[in-house]
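Structure first, then comments.
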Amino acid sequence: MATTHHTNETPTDVASNGTAPTSTVSPETLLDYYRQMVEVRLFEEAATRGFRQGKVGGYLHVYIGQEALARGFLDAFRKGDKTITAYRDHAHVLFQGGDPKATMAELYGKGTGLVKGKGGSMHLFDVENGMWGGYGIVGAHIPLGVGMAYSEAYRETGNIIQLYLGDGAIHNGYFHESANLAGLWGKDGMCPCLFIIENNQYGMGTSVERATANTNLGSKFDSYAIPWEKVDAMDLEAVIAVAHKAVDYVRETGKPYAVEAMTYRLGPHGAADFLEQYRSKDEVREARKRDPIGLLEQRLLDLGVTDEEAMEKIRAHAKELADEAVKFAEESPEPDLSELTTDVYAPETGLI
Amino acid sequence: MATTHHTNETPTDVASNGTAPTSTVSPETLLDYYRQMVEVRLFEEAATRGFRQGKVGGYLHVYIGQEALARGFLDAFRKGDKTITAYRDHAHVLFQGGDPKATMAELYGKGTGLVKGKGGSMHLFDVENGMWGGYGIVGAHIPLGVGMAYSEAYRETGNIIQLYLGDGAIHNGYFHESANLAGLWGKDGMCPCLFIIENNQYGMGTSVERATANTNLGSKFDSYAIPWEKVDAMDLEAVIAVAHKAVDYVRETGKPYAVEAMTYRLGPHGAADFLEQYRSKDEVREARKRDPIGLLEQRLLDLGVTDEEAMEKIRAHAKELADEAVKFAEESPEPDLSELTTDVYAPETGLI
Amino acid sequence: MAVMTYRDALKSALADEMERDESVVLIGEDIGLYGGTHLITDKLIDRFGKKRVIDTPIAEGGFTGAAIGMAMNGMKPVVEMMTWNFSFLASDQIIQNAAKLRYFSGGQVSVPIVIRGPNGGGVQLSAQHTHSLEGFYGQFPGLKVVAPATPEDVKGMMLTAIRDPDPVIFMEAGALYGTKGEVPEGDATVPFGKARIAREGSDISLISYGRQVNLLLKVADQLAKEQDVQAEVIDLRSIRPFDSETIIESVKKTNRAVVVQEQWRWFSVASEVAAIIQEHAFDYLDAPVERVSGAEVPAPYARNLEIAAFPGVSQVIEAANRALYRKG
Amino acid sequence: MAVMTYRDALKSALADEMERDESVVLIGEDIGLYGGTHLITDKLIDRFGKKRVIDTPIAEGGFTGAAIGMAMNGMKPVVEMMTWNFSFLASDQIIQNAAKLRYFSGGQVSVPIVIRGPNGGGVQLSAQHTHSLEGFYGQFPGLKVVAPATPEDVKGMMLTAIRDPDPVIFMEAGALYGTKGEVPEGDATVPFGKARIAREGSDISLISYGRQVNLLLKVADQLAKEQDVQAEVIDLRSIRPFDSETIIESVKKTNRAVVVQEQWRWFSVASEVAAIIQEHAFDYLDAPVERVSGAEVPAPYARNLEIAAFPGVSQVIEAANRALYRKG
Ligand SMILES: Cc1ncc(C[n+]2csc(CCOP(=O)(O)OP(=O)(O)O)c2C)c(N)n1
Ligand SMILES: Cc1ncc(C[n+]2csc(CCOP(=O)(O)OP(=O)(O)O)c2C)c(N)n1
Ligand SMILES: [Mg+2]
Ligand SMILES: [Mg+2]
């Protein structure tokens, strides 16, 4: 899947100022990613409608505005690698090849869901495709990712972990303890972990400025001697370039690396965040101008690999896929009641 | 108690390289501090004997080798200020004016102890003298100190908190979360907290190098936009100079400040740490050459304010004081059994 | 008496105490500018300012610890745990510092803190966001733990909590924030350590707390209507201190008891209630104390599984019938 | 059968499993170079290297979480909690991740982890360093919790724990590390979920686990000698899964029971045991189940207070006499 060429620069050669080398990703791949991003966008819009209709329960956190981020980093994903993230997890699953039908069915709490209807939106897992969840306690998946990375190094697989975390999560103690372990284990090449900060400017209603006195989040990795850089994550090509450099470094050295990816949450924190008293409509309107899908459309038009008509087709197809997923979800049966007590302990233990 | 003159430099004017302006502390004060440090040293040696005899129970962590650190920072302590530290707390209590008899009685688990025999060595409190404990869970007192500082600012007392923590504690999540709060609250002048890292090179058997990839511990405060510097804490005068500058900054601005104070634990981690497999005898022997009491003796001799005979008297007197404290502790009664159920809830609630 | 929601009753207690006592402050995630995720503190930041309504980063251990430090040092912080599910991250501060500081300081330090937030299941919040932790925290001497079920109690017990010199774990029934009830005006404190008889009856004692109290009232109505059984419904309200007396008196009268909780069964509030009853009303018991608890599984997401995991009317009726030695 | 200490039995189980299975690693504070504060892992770093005996910074939440990540991803970590008192800092990882991952991943992820360390009071360790947390962790489905009391059991249950596909909370009786007993050679696993009858008797059932088992054996001797009462002593060993059957059978025979624990009384193992007995042996009980627990105070430092805070022989004898309706 990797479409950029790896340069021989070590990541520390790159200034931490958001500029990235020009991507060599092909126009065809960009177009394909555009299609995927639109599909994810429409999937999430459909899920939001499902929530409003009371068909999707619990909490629902969408990735709208952030699609270029995961799509870009996953360009450097290779079979055997693993991702782990928080509850804002639909995009990761879908970009990694997760079935939109099973994913939607999960949100609908159906037995055909990705995790049998047991987890819901916050706990998507698709281990077969390398997607290791979906966690609801802010920051608490960070040590899991670091430990998973240790295991890859221990078993000498050559695989790496992509560990996604929010700008809010970085202030949690788990971040500090885990990044410190990563730095320490990295000295022996025992922590092939790529930390990816999804800096969407807010942790629920708390802006980065109101969460820390040092808003240069990437710099927090200095505490652990972990090299890092920033990237404009509204720009898919910039993300892809950084992703390859970073992934190659991590894979080759067994050491951690970090990227602060600057993005923006265009939607509410979660589907129940109606008021958004914490930010102005103007701010959101301004941010929409850099919607990664919009930017990518312009880029594709500039490159001449698409036109309005072709894009309209892509949107229409994405709409169909989302509709199909919803239909599948709606028509799927609820989990069998016997599922209540399975998966508490391993089946072979005979315990329920 | 403050004997140095405050310079107008802001702490950030000082290079973070361990050099500090020459102290203007008077020779008489230095001599007095020498006396106190010897008294603390002999107190702790007596306590260690008590432990070996099975009269002091639980865990016992002595401050031997680190005396100049607390003594130096407390030179800048003013009535109303408060200290908080971990379990290695005898020196802080004694330097702040705590009664050696009651302190020793606490170690002996007697009813006349500083906290009625309920806490032991790890939980010394002398609130009247501004000593707010004595905590056993590594790192867990850090947020307490930060919250106490908020309260001083909120009540506009002009007091500050001296918050001591170990080089091992800094890797704990509490440090990260608390220092981040301190930085954030400091923006509004709401966190007059001086962080003092007692870097004695080891967290139990784990050297700083084996605990983190970034061994420049003070630099970890950069993550929270908290200014910091390092000091050679074997040198009492250097500590005093830094202490005043730092305390004045904190008091005047309501903002946190941090000092990484370089010291060495000459004794075992705790009285039950017999083997010390984690460091060589040579290393300890080398470190003893910079025993802060020895260095101070030399300085006082150089200054001509003392001689061998006078120092011998000080030692003999300190020995007497330690013996008296032990005698008091031995002869004190155990706590009354009725004390078992007091102090669980406030007396006025009538609950036990 | 005004009719108000559980939410507004709670909020009024917070605002009244802040008005009365400057040392009372609120601290937690998104309680200010955002308005609080359950809107308990909405607009209080406008009224009291950001020094008294303190928004924090996502750091439960750190800000709970800091609030304990404030409480040690002259303030009366009320911490919002956005939901109690996140409190495991602060459990060390709550259990090791707040609960024990008075003791291990030999009485030199008090910790007048309230830690509050919604507790218990919601709707499809799934495994990590569904817990009932009264028994979990109720284990520890030094803590007080309360779980009010009505608007009147949530207000009255919050007033009591804030004035209490010791740490109070205040567990709101998140599912009841929107429910209404009569609330006395003014300073109507409700004491800790007293259970509430929510319905008098003579044939069987039904015991619970929090949102299950409403379930028990429904069950009692049904038992009365369908089986002519008069159930007494007891709302524990206070988990620590605990009102053993009211329960024992009730069982001495009814000779039968069912304890209901959403929480898992093992080592729980229901275990303790059963143990207490057999200890103190042994000779009065005509049948074993029955327990109805949540299913022994992490909370599932799917609605049908979730419903099956929580105690429902039919399970309680069955348990009551067992205790009554009836077929039902 | 070799005679060995509890410590050596435990250590041999760890070493044997590491030998047998490369995916087994140890992780914790000062378990390598320092040798382990209780010397359970002493010299294992020399034998297995630092990739398999992993010293960590003081970060219980982080390294427990990392070990869970290892367990998810093909390894079998055994975490040393230096003492269980520090585990509150890891409780979120244990309860929210380890216990529930299999469930909320719909069975896609297993967490074969063991978290081990000394539990229960020592000598004058005071409030923050004295807890018995079996019931605390035993509440959560998804976890297994065991508390072996003998060298034979500590070895056999550790073998079982490491091979178990689910997270095991392994609570050693810290006070017993130096005690000796016979230990079968080789692969003598001891299953979970089975209590052990430590002494047969017909007149009363004395029930506990961990170091209190020795206390009960003393009490049983004294009852036999002084009052001609034959007590049956049951060592629970496994707290979750729990062996209700053995207890119920015993009480059906003896008709009386005393449960003893160092832990505080409220919402505890003893509560549950009493509740189970009255549930399943109601018609056999000749007296209420008696409970003897730790004093409801944070653990005090002074030796005399500490002794008064822990259950002792005389308290258990008194409870037994109450259950026997004797004056003693
Ligand atoms: C420990 C914990 N505290 C609080 C919450 C409630 N909560 C859910 S999401 C969230 C904000 C997280 O922000 P960030 O890490 O930036 O991720 P984003 O939602 O922006 O993707 C909060 C506070 C939680 N789930 N876990
Ligand atoms: C949370 C926690 N984990 C482990 C311990 C055991 N322990 C006690 S002291 C100590 C070392 C602390 O080192 P440092 O912070 O450098 O302080 P020092 O002892 O050197 O003064 C450890 C690991 C503890 N008390 N609390
Ligand atoms: Mg964010
Ligand atoms: Mg140290």
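By convention in this document, chain letters (A, B, ...) are assigned in the order of the sequence lines, proteins followed by strands, and residues within each chain are numbered from 1.
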Interface moiety of [X] toward chain B, non-hydrogen atoms closer than 4.5 Å:
X      : answer
D:L39  : side chain
D:A295 : side chain
D:K50  : neither

Testing the basics here: between [X] and [Y], what is the closest heavy-atom pair and its distance to 0.1 Å?
X      : Y      : result
D:A59  : B:N172 : CA-ND2, 4.2 Å
B:I137 : D:Q128 : N-OE1, 3.4 Å
D:P57  : B:A211 : CG-O, 3.3 Å
B:Q277 : D:Y34  : NE2-O, 3.6 Å
D:A302 : B:G109 : CB-O, 3.3 Å
B:D336 : D:L305 : O-CD2, 3.7 Å

Spacing of [atom1] belonging to [X] relative to [atom2] belonging to [Y], to within rounding of 0.5 Å:
X      : Y      : atom1 : atom2 : answer
D:D30  : B:H269 : CG    : NE2   : 8.5 Å
B:Y278 : D:D55  : OH    : CG    : 12.5 Å
B:H171 : D:T56  : NE2   : OG1   : 10.5 Å
D:I58  : B:I170 : CD1   : CD1   : 11.5 Å
D:L33  : B:E276 : CG    : CD    : 12.0 Å
D:N304 : B:L337 : CG    : CG    : 5.5 Å

> Does the side chain of B:L340 come within less than 4.5 Å of D:P300's, by heavy atoms?
Replying inline: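 They are in contact (side-chain heavy atoms under 4.5 Å apart), so the answer is yes.
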
>> Quick check on D:R47: does its CZ atom have over 12 non-hydrogen neighbours (other residues, nucleotides or ligands) under 6.0 Å away?
In response: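 Yes, CZ of D:R47 has more than 12 neighbouring heavy atoms, counting only those of other groups under 6.0 Å.
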
>> Let's test your reading of the structure: which of B:R279, B:K118, B:K110, B:E339 forms the most heavy-atom pairs below 4.5 Å with chain D?
In response: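 Highest number of heavy-atom pairs under 4.5 Å: B:K118.
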
>> Heavy atom to heavy atom, less than 4.5 Å: which residues from residues 100-108 of chain B reach chain D?
In response: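 Checking residues 100-108 of chain B against chain D gives B:E106, B:L107, B:Y108.
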
Part of [X] lying under 4.5 Å from any heavy atom of chain D:
X      : value
B:D273 : both
B:Y174 : side chain
B:V208 : neither
B:L275 : side chain

> Using the benzene-type ring in the case of Trp, are the ring centres of D:Y301 and B:H123 under 6.0 Å apart?
Replying inline: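 No - the distance between ring centres of D:Y301 and B:H123 does not fall below the 6.0 Å cut-off.
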
